[in-house]
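Down below is the structure, laid out as structure tokens.
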Amino acid sequence: MMATGSKVTREWFPPAAEGAQTAPLMLYNSFVDEKVPFVPAAGPTSKQITWYACGPTVYDVAHMGHARNYLSFDIVRRVLEDYFGYNCLMVMNVTDVDDKIILRARRNFLLAQYKSSGKSAEEVKEFTIEAIQAGIAKQQKKVAEMEAMVAKDSTEAEAEPDEKKRSFALRKVADLQEAVKGEALKGRQAAEALAAVQALGAAGSSADAEALLAVGSDYVAEALDKALGANVTDPTVFRAHAAKYEREFLEDMDALGCRRPDVLTRVSEYIPEIIEYVTRIIGNGMAYASNGSVYFDTQNFRSCGHTYGKLNPWAVGSAALAAEGESNFETSEKRSPQDFALWKAAKPGEPAWESPWGVGRPGWHIECSAMASSIIGSRLDIHTGGEDLRFPHHDNELAQAEAYYHHDGCKQWVNYFLHCGHLHIEGLKMSKSLKNFVTIREALASFNARQLRLMFCLQPWNKTMMYGEQSRTEMKVREAQLRNFFGNVDAAIRNSSVNTNEQRWTTEDFDLNNRILATQAAVDAALRDNINTPAVMDALSDLIKAVNKYLADKSEPGAARALLLRKAAAFVTRILSVFGIVDGPSDRLGFTEMSSSAASSDAAAARYLDALAAFRDEVRGLAKAKAAAAELVAAVGRLREGVLGGMGVKVELAASGDRSSWSAADPANRPGATSTSYIDTVVAFADQVQALASSSAAPGEVLAACDQLRDSTLVDMGVRLEDRPDGKAVWKLDDPATMREEIAARAAAAASAARKKLEGAVERKAKELEKLEGLAALPSIQEALADKYSKFDEASGEPTHDKEGNALEGKAKDKARKDYEKAAKVREPLSKKLAEDPAALDKMKAEVEELRQQLAALGTA
RNA sequence: GGGUCUCUAGCUCAGUGGUAGAGCAGCUGACUGCAGAUCAGCAGGUCUCGAGUUCGAUCCUCGAGGGGCCCUCCA
């Protein structure tokens, strides 16, 4: 090519770059309790972020309250990763060294040892009874002590001159009284257990050790622990207990579809880092060793220019006051009541590690600071946990990290602290102690992971979440809407092939496209607004409704634009996959065609289903038209020879009464398993229709056969058939179990529907009547206002003179009018009703009575 | 007791200085041989109460009351 002098001017206008900055992602940050823009620590344009999640203490099975944390933040994480495109390093700890774990592990271990020691049933019984009696004695002693303490503390509290301290002392007394109640309950439970154990032997037959221990295991374990607990020194006992529940926890998380963290940090594996951490904090002058333990020095921490209690500053003072009230503070190892343990000196029967301060184990708060610092360093983008951990756990964590990084000038270890709201069930927080918990496994028995995730997506992550009937109903409605949407769109796309239909856009197509664009904008705005998943779900629901309307408008064959429908459905799918409600690409590893599920679909099967549906449509059409039997026979013939024959299926007619068989015309090209089952079905159905025709059955019987095919045979094959008003059925593939459940639920609902409807009607009518009667019993407006005004306008009824008889003017008059209007508005429903019909109240009474009688009649039937 | 948040339809919650909205639940209706799907409509509110600021308050201020949460272990 030659360079010539002729230069061509290329015309291109660059799009304006101003205002290119997109709206920020806002996150609700616990440091300030408001939504603030999210900026990665690595820089505003960086996509690299770090996240430390406060993980489980693995002492028992996890319940849905725990799932609230991990599932909700999994959704948040997926949005950050898959929607906003951040690369997130997610670290989660597992607390496997903890008071509860130690106690339970030791007891379980001793109990197991005892069980396998080959004691006779008599010995076991004797020991169990002793154990329970010891438990009862201890309980009684404790109650007595507590009651004495209540008496002592309350007199002391009364005498306390300082107002603030007195109120704390009084609160303590109240708490103590609550605790006494709790102990008394435990005592009663122990007494019941004792009776049960004694009954086991007395019943005559030999009591076996298993049964005895099943009743008294708690007490036996406690007794064994008291006697032998200090001798348990083998660290594998504790590790094994934690490992079991850690494994179960991770299984639960997998079952819920939560992405695993990138790094898992176990306390037991980070002891050296923790010791180094504590050492440095001591070196920085913000902790001190005391009698084999190490405490964090909150006073010095403040003197060094740090802020203690950033997340819950209000709790700090109160907690200190409460701690001062502790009777044993003078003898404490702490310098200040706010100080907390970084390292605890070992007690017998506990796992312990060597340290510069003697044998011991880490305090509760230090693990998170040390492990997160070890993996991530001196600045985290995000730290998450349940809202109950705000104080003291997370505040102490922050203090420890700032103290550790003091000489790096660290004043803010975490940029965004996110706390999820608790899970409530019937108005109460789900918790182990309230015994109102549902384990994750139990929940997964009633709902699948998709349903649970959908339920979580319908409520904001940072507010209290309701787990109840209402939430379940809304989730089910939403799930059905989504399922029907995907099914409807799929059917519509099948029936509006791009190859055979005009694709030019009409007004409806432009409108639908605009709806899609608007939905995309709404979803984006909702996600930026603190990852507001309920708002996203609402936006998707609006789009689905728009698509439904579009499909209704475009009901003539081929009118709907398959490409546009696909666009809408693809967007909904994409967002759902971000939430993890449908499997997304990031949940599989490797090339997708290697995954086992990819090959399972049998593309050719659709043709046979189409043939079956079309044949059934024809049969239904003939039956509804009360056509002659010969026409049905002709239809069967057309199916066998024409349709199926054209698809390479050769039907072998059976002798009368027998089932026909079929074979592939080309043996080298045999249909797959799914296709085969469809062909079996269509051939059998054709036989059935022919038999009905030849016995000249009534049209109703033919329709019944069609219904049975739809409601039973196809359901079992995972095919959902829906008859449309135009006489054409559409089919969708679905899970047979789900469909059977739906059918069963509908049948149950239908059975009780009449009664429920009547009950509802009675209740509503009675309520309305009660309300109106209440209004009727009210004094008249003028009587009601008589304490404020003395005279009223004849025509309008409004007050004209005040209580003293002075004429109302200016502002006072306006006020009077407002008073009047308010009172009038309250009475409006009644006056309106009476204006329509002066006898309305009596009529309503009669109606309620009538409904009640109907209901009673139903009850006796 | 202190702190803090909250009070809007039967339930869960949006919302705005110009007398209120959504979803679910309820009730009608359209379509329909049945089932399903879908659409349309209706009803339901002293916006906790009281006082103040304002031309005007559900919204702002103050007070009262109810509820939640935190101040101890918890996800």
Inset, instruction - Check every strand shown and say whether A/Asn548 touches a base, only sugar-phosphate, or nothing at a heavy-atom separation below 4.0 Å. - result: sugar-phosphate
Inset, instruction - Looking at every strand, decide which applies to A/Leu423 at a 4.0 Å heavy-atom threshold: base, sugar-phosphate, or nothing. - result: base
Legend entry - Modelled atom types, side-chain donor and acceptor of A/Tyr308 and A/Asn396, under 3.5 Å: yes
Inset, instruction - Take atom C1' in B/C11 and the same atom in B/U54, then report the distance between them in whole Å. - result: 36 Å
Inset, instruction - Establish, with yes or no, whether the OP1 or OP2 oxygen of B/A40 is under 4.0 angstrom from a side-chain nitrogen or oxygen of A/Lys549. - result: yes
Inset, instruction - Counting heavy atoms from C-beta on, name the nucleotide in B/C34, B/C24, B/U72 closest to the side chain of A/Asp707. - result: B/C34
Legend entry - Euclidean distance, atom CD of residue A/Gln338 to atom P of B/U72 [Å, nearest integer]: 11 Å
Legend entry - Protein proximity profile, nucleotides 4-17 of chain B - base contact B, sugar-phosphate-only contact S, no contact -, cut-off 4.0 Å on heavy atoms: S------B--S---
Inset, instruction - Answer with base, sugar-phosphate or nothing: what part of the nucleic acid does A/Arg724 contact at a heavy-atom distance below 4.0 Å? - result: base
Legend entry - Distance between P atoms of B/C13 and B/G52 (Å, rounded): 33 Å
Inset, instruction - Please determine if A/Lys310 and A/Asp395 form a salt bridge, counting it only when a charged side-chain N lies under 4.0 Å from a carboxylate O. - result: no
Legend entry - Salt-bridge present (A/Glu508, A/Lys549; N to O < 4.0 Å): no
Inset, instruction - Looking at every strand, decide which applies to A/His419 at a 4.0 Å heavy-atom threshold: base, sugar-phosphate, or nothing. - result: nothing
Legend entry - Euclidean distance, atom CZ of residue A/Arg390 to atom P of B/U72 [Å, nearest integer]: 15 Å
Inset, instruction - Select one nucleotide: of B/G23, B/G33, B/A75, the one nearest the side-chain heavy atoms of A/Asn69. - result: B/A75
Inset, instruction - Mind calculating the distance between CG (A/Asp734) and P (B/A37) to the nearest angstrom? - result: 12 Å
Legend entry - Centroid-centroid under 6.0 Å between A/Phe417 and A/His419 rings: yes
Legend entry - Criterion salt bridge (charged side-chain N to carboxylate O under 4.0 Å, His left out) on A/Arg478 and A/Asp538, from CA distance to verdict: CA-CA 10 Å; A/Arg478 210 60 81 106; A/Asp538 285 347; 3.1 Å; yes
Inset, instruction - Mind calculating the distance between CG (A/Leu428) and C1' (B/C69) to the nearest angstrom? - result: 13 Å
Legend entry - Euclidean distance for P, B/C59 against B/G41 (whole angstrom): 32 Å
Inset, instruction - Indicate, with yes or no, if the rings of A/His424 and A/Tyr467 have centres closer together than 6.0 Å. - result: no
Legend entry - B/U28 OP1/OP2 closer than 4.0 Å to side-chain N/O of A/Lys757: yes
Inset, instruction - Looking at every strand, decide which applies to A/Asp538 at a 4.0 Å heavy-atom threshold: base, sugar-phosphate, or nothing. - result: nothing
Inset, instruction - Report yes if the side chains of A/His393 and A/Cys368 come closer than 4.5 Å at any heavy-atom pair, otherwise no. - result: yes
Inset, instruction - Could you please name the option among B/A75, B/G36, B/A25 that lies closest to any side-chain atom of A/Arg746? - result: B/G36
Legend entry - Rounded distance (Å) that lies between atom C1' of B/A35 and atom CD of A/Glu742: 12 Å
Inset, instruction - Can you tell me the distance, in whole Å, between the CZ atom of A/Arg483 and the P atom of B/U38? - result: 11 Å
Legend entry - Touch class at under 4.0 angstrom, heavy-atom based, for A/Leu389 against every strand present: sugar-phosphate
Legend entry - Whole-Å C1' distance, B/A14 and B/A51: 29 Å
Inset, instruction - Could you work out the separation of B/U58 and B/U46 based on their C1' atoms and round it to a whole Å? - result: 11 Å
Inset, instruction - Indicate, with a heavy-atom threshold strictly under 4.0 Å, whether A/Arg620 touches base, sugar-phosphate, or nothing. - result: base
Legend entry - Six-ring centre of A/Tyr28, A/Lys463 cation under 6.0 angstrom, axis tolerance 45°: no
Legend entry - A/Asn312 vs B/C70: side-chain N/O to OP1/OP2 distance below 4.0 Å: no
Inset, instruction - Could you measure between the two C1' atoms, the one in B/A75 and the one in B/C70, and give it in whole Å? - result: 16 Å
Inset, instruction - For A/Val477, answer base if it contacts any base atom (sugar-phosphate contacts may also be present), sugar-phosphate if it contacts only those atoms, and nothing otherwise; contact means non-hydrogen atoms under 4.0 Å. - result: sugar-phosphate
Inset, instruction - Determine the interatomic distance between P on B/G68 and the same-named atom on B/C27; round to the nearest Å. - result: 32 Å
Inset, instruction - Could you tell me whether A/Asp99 contacts a base, only the sugar-phosphate backbone, or nothing, with contacts defined as non-hydrogen atoms closer than 4.0 Å? - result: nothing
Legend entry - Candidate nucleotides B/U38, B/C31, B/C73, ranked by approach to the side chain of A/Pro392 - the nearest: B/C73
Inset, instruction - Output yes when at least one side-chain N/O atom of A/Lys624 is less than 4.0 Å from OP1 or OP2 of B/G33, else no. - result: yes
Inset, instruction - For the side chain of A/His63, starting at C-beta, report the closest nucleotide among B/U46, B/G23, B/A75. - result: B/A75
Legend entry - Residue A/His424, side-chain heavy atoms: nucleotide from B/G68, B/C71, B/A75 that is nearest: B/G68
Legend entry - Donor-acceptor pair under 3.5 Å, A/Arg710 side chain vs B/C34 base: yes
Legend entry - Aromatic A/Trp731 / basic A/Arg710 pairing, under 6.0 angstrom, 45° off normal: no
Inset, instruction - Look at all strands and tell whether A/Met537 reaches a base, only sugar-phosphate, or nothing, counting heavy atoms closer than 4.0 Å. - result: nothing
Legend entry - Between B/G33 and B/G23 - C1' atom distance, rounded Å: 34 Å
Inset, instruction - Taking atom types as modelled, find out whether A/Lys35 and A/Asn29 have a side-chain donor-acceptor pair closer than 3.5 angstrom. - result: no
Legend entry - A/Leu551 CG to B/G36 C1', straight-line distance once rounded to whole Å: 16 Å
Legend entry - Intra- and inter-strand pairs of RNA chain B in dot-bracket (Watson-Crick or G-U wobble, both distances under 3.5 Å; | for another strand): (((((((..((((....[..)))).(((((.......))))).....(((((..]....))))))))))))....
Legend entry - Pairwise side-chain contact, A/Glu763 with A/Glu768, heavy-atom cut-off 4.5 Å (strictly under): no
Inset, instruction - Report which part of the nucleic acid A/Gly65 touches: base, sugar-phosphate, or nothing (heavy-atom distance under 4.0 Å, all strands). - result: base
Inset, instruction - Rounded off to whole Å, could you give me the CD-to-C1' distance for the A/Glu763 and B/C27 pair? - result: 14 Å
Inset, instruction - Return yes when atom NZ of A/Lys732 has more than 12 non-hydrogen atoms of other residues, nucleotides or ligands closer than 6.0 Å, and no otherwise. - result: yes
Inset, instruction - Record whether the side chain of A/Arg68 comes under 3.5 Å of the base of B/A75 through a donor-acceptor pair of N or O atoms. - result: no
Legend entry - Pairwise side-chain contact, A/Ile743 with A/Arg740, heavy-atom cut-off 4.5 Å (strictly under): no
